[in-house]
Amino acid sequence: MPETVRVRFAPSPTGKLHVGGARTALFNWAFARGRGGVFLLRIEDTDPERSRREHEAEILEGLAWLGLDWDEGPDVGGPHGPYRQSERLERHRELADRLLAEGRAYRCFCGPERLAELRAEQEARKQTPAYDRRCRSVAPDESARRAAAGEAFTLRFLVPEGETRFRDAVRRDVTFANAEVDDWIMVRTDGKPTYNFVVVCDDADMAVTHVLRGEEHLVNTPKQVLLYRALGFDVPEFGHLPLMLGTDGRKLSKRTGDTALADYRDGGYPPEALANFLCLQGWALDGETEVFSLETLVERFDVADVGKAGSVFDPDKLLWLAGEYVRADSPERLAERCAPFVAAAGLADADELERRRPWFVDVLRTEQERIRTYAELPARIAYLFAADDAVEYDDKALKNARKHARARELLEEYGAWLAERFDEGPDAVREATKAWVVERELKMPVLFQPLRLALTGLPGGPDLFEVMALLGRDASLRRIRVAGERLA
RNA sequence: GGCCCCUUCGUCUAGUCAGGCCUAGGACACCAGGUUUUCAUCCUGGCGACAGGGGUUCGAAUCCCCUAGGGGUCACCA
């Protein structure tokens with residue numbers, strides 16, 4: 001009977017949720033869900049300077065927006081709580097004391113000044129900066145006496161001789177020479193434990209079986225494996241996910257563009273599109289299928305299939321995927337998701353859109369194939385909300401209309417004709433209009449370009465008879481009349 | 001610089017662990033054409049890669065070695 005898979009996502013609440021972190025969470029989640037395991041969230045708030053509760057809330061919101069859910073966490077609790085590291089201090093102290101008592105850790109009385117000096121010397125000699133382990137030789141009784149006397153100290157892990165190897169689902173077996181591992185600090189002068197220490201204590205206490213995290217943590221792993229063993233805990237299996245890179249080929253950062261998950265939510269990207277895109281960074285379903293659901297991911301995902309090389313974040317591909325999801329969505333749901341963006345653009349308030357819901361759904365039906373993000377909608381439909389005598393004319397649209405010498409007369413004539421049969425409906429009017437153009441031995445654009453300018457002011461857009469249906473009889477006829485005057 | 005990791009079209013990737021099915025497949029982007037009242041969608045086609053060099057083998061993108069390039073990390077941050 002194999003033990004239950006337990007994986008975790010452990011963000012530190014020091015800022016917004018990064019898309020790279022979101023992908024780590026996504027893969028952890030998919031791994032757990034695909035194996036009937038448990039996905040838990042733990043907040044790594046051991047840095048009181050930078051940790052903020054608002055950030056924690058935002059991170060949780062972001063994960064939920066992406067479509068993830070969790071079985072244990074700071075908001076839902078669970079059998080292995082608390083799920084904030086700052087609330088687990090007791091346990092951390094207990095384990096640190098144990099290590100000290102067993103001689104697997106030692107007090108270090110070297111202050112910041114000496115450490116800085118040491119580092120400077122080492123750098124001057126082109127050596128790799130590392131603690132010189134001077135305090136290893138302080139005898140236990142002297143160490144205890146100095147501590148009791150109030151002398152400041154940190155607790156360092158005593159790295160043994162030899163080498164450390166561990167299983168990594170992505171990179172196979174990895175080995176580090178212990179000589180390369182520093183006697184790192186477990187507990188600071190102020191008594192607060194550091195990341196490398198608490199992460200192991202908590203993962204072990206929370207019975208985490210697989211640690212899937214970003215590759216930047218690979219070098220921390222030997223320290224942690226050594227700690228698991230010193231503590232007598234089972235070492236989990238690791239999986240170091242390749243980094244997500246910016247277009248400059250370096251680790252994704254603020255400089256290379258949007259990196260916060262919230263930027264994409266605020267930018268009107270469908271969450272399904274972003275989740276799908278994130279799946280494609282370092283993993284592929286079959287090399288052919290690009291668009292797939294989280295459900296499919298869960299069915300097919302395996303950490304062992306994750307690639308080793310970093311991947312450059314391609315905003316163009318994300319935009320394309322966004323369009324795919326928008327086109328596949330229902331006009332009703334699109335209306336719901338787009339409404340806030342239309343309201344934010346100041347075109348109409350939320351109440352008005354709610355009142356005109358059927359109409360707004362029709363608007364989405366006509367624009368659906370032209371937008372990729374919800375945020376692209378307002379600019380496309382602003383003309384619907386403009387005053388009939390003040391529709392903004394786009395330069396290109398104006399040029400298109402002016403190409404036709406008789407545009408003005410034609411619009412007047414057509415307007416009068418249209419007034420008689422507007423109520424026959426879009427399909428009938430469309431056919432009749434085409435016949436009307438043919439009768440006059442004209443090309444279609446001769447009428448349609450000026451007409452599009454009159455109604456929308458834009459160079460492109462939906463079928464004009466659908467546009468007229470959205471505008472209604474009065475507005476349509478008025479705009480055609482006004483255009484005749486404006487073109488004069 | 002030390003240590004560690006990585007390397008298939010501009011980008012995301014399939015294929016690599018089990019060498020032949022690969023004159024390397026798909027997608028985004030780009031270009032050209034078609035459809036349309038325009039824009040978009042959609043359809044068709046094009047461009048385009050096994051980092052380099054050795055070796056093993058009848059046969060290598062796939063195995064081995066070397067070189068080069070890129071990245072990560074070297075905190076009393078996480």
Side-chain angles (χ1 to χ4, degrees), chain A residues 10-14 44-47 49-51 85 108 110-112 115 119 122-123 125-130 152-156 168 170-172 174-177 179-182 184-196 198-199 214-222 240 242-243 245 247 249-251 277 280-291 304 307-321 323 327 367-372 380 396-397 400 430 433-434 437 443-449 451-453 456 458-465:
Chain A
S12 65
T14 53
E44 314 234 306
D45 56 350
T46 51
D47 182 353
E49 298 292 303
R50 302 192 299 146
S51 296
Q85 288 187 321
C108 173
C110 300
L115 260 22
R119 189 169 307 133
Q122 287 166 330
E123 275 167 9
R125 270 180 286 153
K126 299 226 184 265
Q127 290 176 330
T128 304
F153 64 88
T154 60
L155 231 47
R156 285 186 186 269
D168 188 295
V170 176
R171 276 150 237 280
R172 324 270 301 170
V174 183
T175 308
F176 282 86
E180 300 298 333
V181 184
D182 204 6
W184 51 283
I185 291 175
M186 289 169 24
V187 181
R188 297 183 256 255
T189 314
D190 63 3
K192 296 262 176 58
T194 60
Y195 165 77
N196 280 119
V198 291
V199 77
E215 192 191 328
E216 68 268 28
H217 289 288
L218 191 59
V219 291
N220 285 326
T221 312
H240 287 94
L243 258 18
L245 279 17
T247 33
R250 307 180 58 116
K251 195 162 79 159
F277 177 77
L280 262 15
Q281 298 280 288
W283 185 79
L285 210 178
D286 54 13
E288 303 274 307
T289 314
E290 307 279 334
V291 184
K308 301 186 210 316
S311 48
V312 175
F313 187 103
D314 181 6
D316 279 333
K317 186 149 184 175
L318 172 57
L319 205 48
W320 166 75
L321 261 174
R327 268 169 259 134
E367 290 292 346
Q368 179 165 29
E369 66 192 28
R370 261 165 289 269
I371 58 170
R372 296 165 297 184
R380 296 213 53 85
K396 189 170 175 216
N400 286 344
R430 181 185 304 109
T433 298
K434 285 181 177 174
V437 173
K443 299 265 194 219
M444 294 299 167
V446 176
L447 171 67
F448 283 107
Q449 289 188 330
L451 187 55
R452 183 171 294 284
L453 176 78
T456 72
L458 298 172
D463 172 83
L464 285 177
F465 303 92

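Here is the naming used below: chain letters follow the sequence lines, and residue numbers restart at 1 for every chain.
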Heavy-atom pair with the smallest gap, counting every atom of Val312(A) and Thr247(A):
CG1-CA, 3.9 Å
Span that lies between the P atom of G48(B) and that of A60(B), in whole angstrom:
24 Å
Between the protein and nucleotides 62-72 of chain B, which nitrogen or oxygen pairs come in under 3.5 angstrom?
{"residue": "G72(B)", "atom": "OP1", "partner": "Lys251(A)", "partner atom": "N", "Å": "3.4"}

Short side-chain to backbone donor-acceptor contact, Arg50(A) and Ser12(A), under 3.5 Å
no
So what does Gln368(A) touch, heavy atoms closer than 4.0 Å: a base, only the sugar-phosphate, or nothing?
nothing
Nearest whole angstrom, please: distance from the P of A29(B) to the CZ of Phe313(A).
15 Å
Nearest-Å distance, NE2 (His240(A)) to C1' (C5(B))?
11 Å
Measure the distance from CZ on Arg452(A) to P on U36(B) and round it to the nearest whole Å.
15 Å
Pair Arg380(A) + Glu367(A): basic N to acidic O under 4.0 Å:
yes
Contact class for Thr189(A) (heavy atom, under 4.0 Å): base, sugar-phosphate, or nothing?
base
Position toward the 5' end of RNA chain B (nearest nucleotide), Gly282(A) or Asp47(A)
Gly282(A)
A side-chain contact here means heavy atoms from C-beta on lying under 4.5 Å apart; do Leu218(A) and Glu216(A) qualify?
no
Which nucleotide in the set A75(B), G2(B), C12(B) lies at the smallest distance from any side-chain heavy atom of Val312(A)?
C12(B)
Determine the interatomic distance between C1' on C43(B) and the same-named atom on C6(B); round to the nearest Å.
39 Å
In whole Å, what separates the P atom of A27(B) from that of A68(B)?
38 Å
Sub-3.5 Å donor-acceptor pair from the side chain of Thr456(A) to the main-chain atoms of Leu458(A), do we have one?
yes
Closest-nucleotide 5' rank along RNA chain B - winner of Thr175(A) and Asp316(A):
Thr175(A)
Report which part of the nucleic acid Leu464(A) touches: base, sugar-phosphate, or nothing (heavy-atom distance under 4.0 Å, all strands).
base
Out of A29(B), A27(B), C17(B), which nucleotide sits closest to the side chain of Glu290(A)?
A27(B)
Using both distances under 3.5 Å as the test, list the Watson-Crick or G-U wobble partner of C30(B), or none.
G46(B)
Flag the pair Met186(A) / Asn196(A) as yes when at least one side-chain heavy-atom distance between them is below 4.5 Å, and no otherwise.
no
Do Thr433(A) and Leu447(A) come close enough that some side-chain heavy atom pair is under 4.5 Å?
yes
Using both distances under 3.5 Å as the test, list the Watson-Crick or G-U wobble partner of U7(B), or none.
A68(B)
State whether Thr194(A) places a side-chain N or O below 4.0 Å from either non-bridging phosphate oxygen (OP1 or OP2) of A78(B).
no
Closest to side chain of Lys317(A), choosing from A27(B), A14(B), C6(B)
A27(B)
With a 3.5 Å limit on both atom pairs, tell me what U16(B) is paired to, counting Watson-Crick and G-U wobble, or say none.
none
Across all strands shown, which nucleotide pairs with U62(B) by Watson-Crick or G-U wobble geometry, both distances under 3.5 Å?
none
Rounding to an integer number of Å, can you tell me how far Phe277(A) CZ sits from A29(B) P?
12 Å
What is the distance, rounded to the nearest whole Å, between atom CG of Leu280(A) and atom P of C12(B)?
11 Å
Which atoms form the tightest heavy-atom contact between Lys317(A) and Glu290(A), and what is the distance?
NZ-OE1, 2.9 Å
Give the ring-plane orientation class for Phe313(A) versus Phe277(A), where under 30° counts as parallel, over 60° as perpendicular and anything between as tilted.
perpendicular
Across the strands shown, which category fits Thr154(A) at heavy-atom distances under 4.0 angstrom: base, sugar-phosphate, nothing?
base
N/O (side chain, Thr46(A)) to phosphate O (OP1/OP2, A78(B)) under 4.0 Å:
yes
What is the base-pairing partner of C21(B), counting Watson-Crick and G-U wobble geometry with both distances under 3.5 Å?
none
With the threshold set at 4.0 Å, does a side-chain nitrogen-carboxylate oxygen contact exist between Glu215(A) and Lys308(A)?
no
Separation of the C1' atoms in C50(B) and U44(B), to the nearest angstrom
28 Å
Every protein N/O within reach of nucleotides 22-25 of chain B N/O, cut-off under 3.5 Å:
{"residue": "G25(B)", "atom": "O2'", "partner": "Glu288(A)", "partner atom": "OE2", "Å": "3.4"}
{"residue": "G25(B)", "atom": "N2", "partner": "Gly287(A)", "partner atom": "O", "Å": "2.8"}

Under 4.0 Å between any heavy atoms, over every strand shown, what does Lys192(A) touch: base, sugar-phosphate, or nothing? Just pick one.
nothing
Heavy atoms from C-beta onward define the side chain here; which of C4(B), C76(B), G10(B) lies closest to that of Phe176(A)?
C4(B)
Spacing of the C1' atoms in U56(B) and C3(B) (rounded, Å)
31 Å
Please work out if Arg50(A) contacts a base, only the sugar-phosphate, or nothing of the nucleic acid, heavy-atom cut-off 4.0 Å.
base
In Watson-Crick or G-U wobble terms, both distances under 3.5 Å, what is the partner of U73(B)?
G2(B)
Under the criterion side chain to side chain contact (heavy atoms under 4.5 Å, CB included), I'd like the reasoning laid out for Lys192(A) against Thr46(A): C-alpha separation, chi angles, the key distance, then a yes or no.
CA-CA 8 Å; Lys192(A) 296 262 176 58; Thr46(A) 51; over 6 Å; no
Non-hydrogen atoms of Pro129(A) and Arg119(A) that approach each other most closely:
CB-CG, 3.9 Å
Select base, sugar-phosphate, or nothing to describe what Pro112(A) touches, counting heavy atoms under 4.0 Å on all strands.
base
What pair of heavy atoms forms the shortest contact from Cys108(A) to Arg156(A), and how long is it?
SG-NE, 3.3 Å
With rounding to whole Å, what would you report as the distance between G33(B) and G71(B) at their C1' atoms?
42 Å
Taking the C1' atom of each, how far is U8(B) from A51(B), in whole Å?
10 Å
Report all interatomic pairs (protein N or O, nucleotide N or O of nucleotides 39-42 of chain B) with separations under 3.5 Å.
{"residue": "C39(B)", "atom": "O2", "partner": "Arg370(A)", "partner atom": "NH1", "Å": "2.7"}
{"residue": "C39(B)", "atom": "O2", "partner": "Gly461(A)", "partner atom": "N", "Å": "3.4"}
{"residue": "C39(B)", "atom": "O2", "partner": "Gly461(A)", "partner atom": "O", "Å": "3.4"}
{"residue": "C39(B)", "atom": "N3", "partner": "Arg370(A)", "partner atom": "NH1", "Å": "2.7"}
{"residue": "C39(B)", "atom": "N3", "partner": "Gly461(A)", "partner atom": "O", "Å": "3.4"}
{"residue": "A40(B)", "atom": "O2'", "partner": "Glu369(A)", "partner atom": "O", "Å": "2.3"}
{"residue": "A40(B)", "atom": "N1", "partner": "Glu369(A)", "partner atom": "OE2", "Å": "3.1"}
{"residue": "A40(B)", "atom": "N3", "partner": "Glu369(A)", "partner atom": "OE2", "Å": "2.6"}
{"residue": "C42(B)", "atom": "OP1", "partner": "Arg327(A)", "partner atom": "NH1", "Å": "3.3"}

C65(B) to C5(B) separation - P atoms, rounded to the nearest Å
13 Å
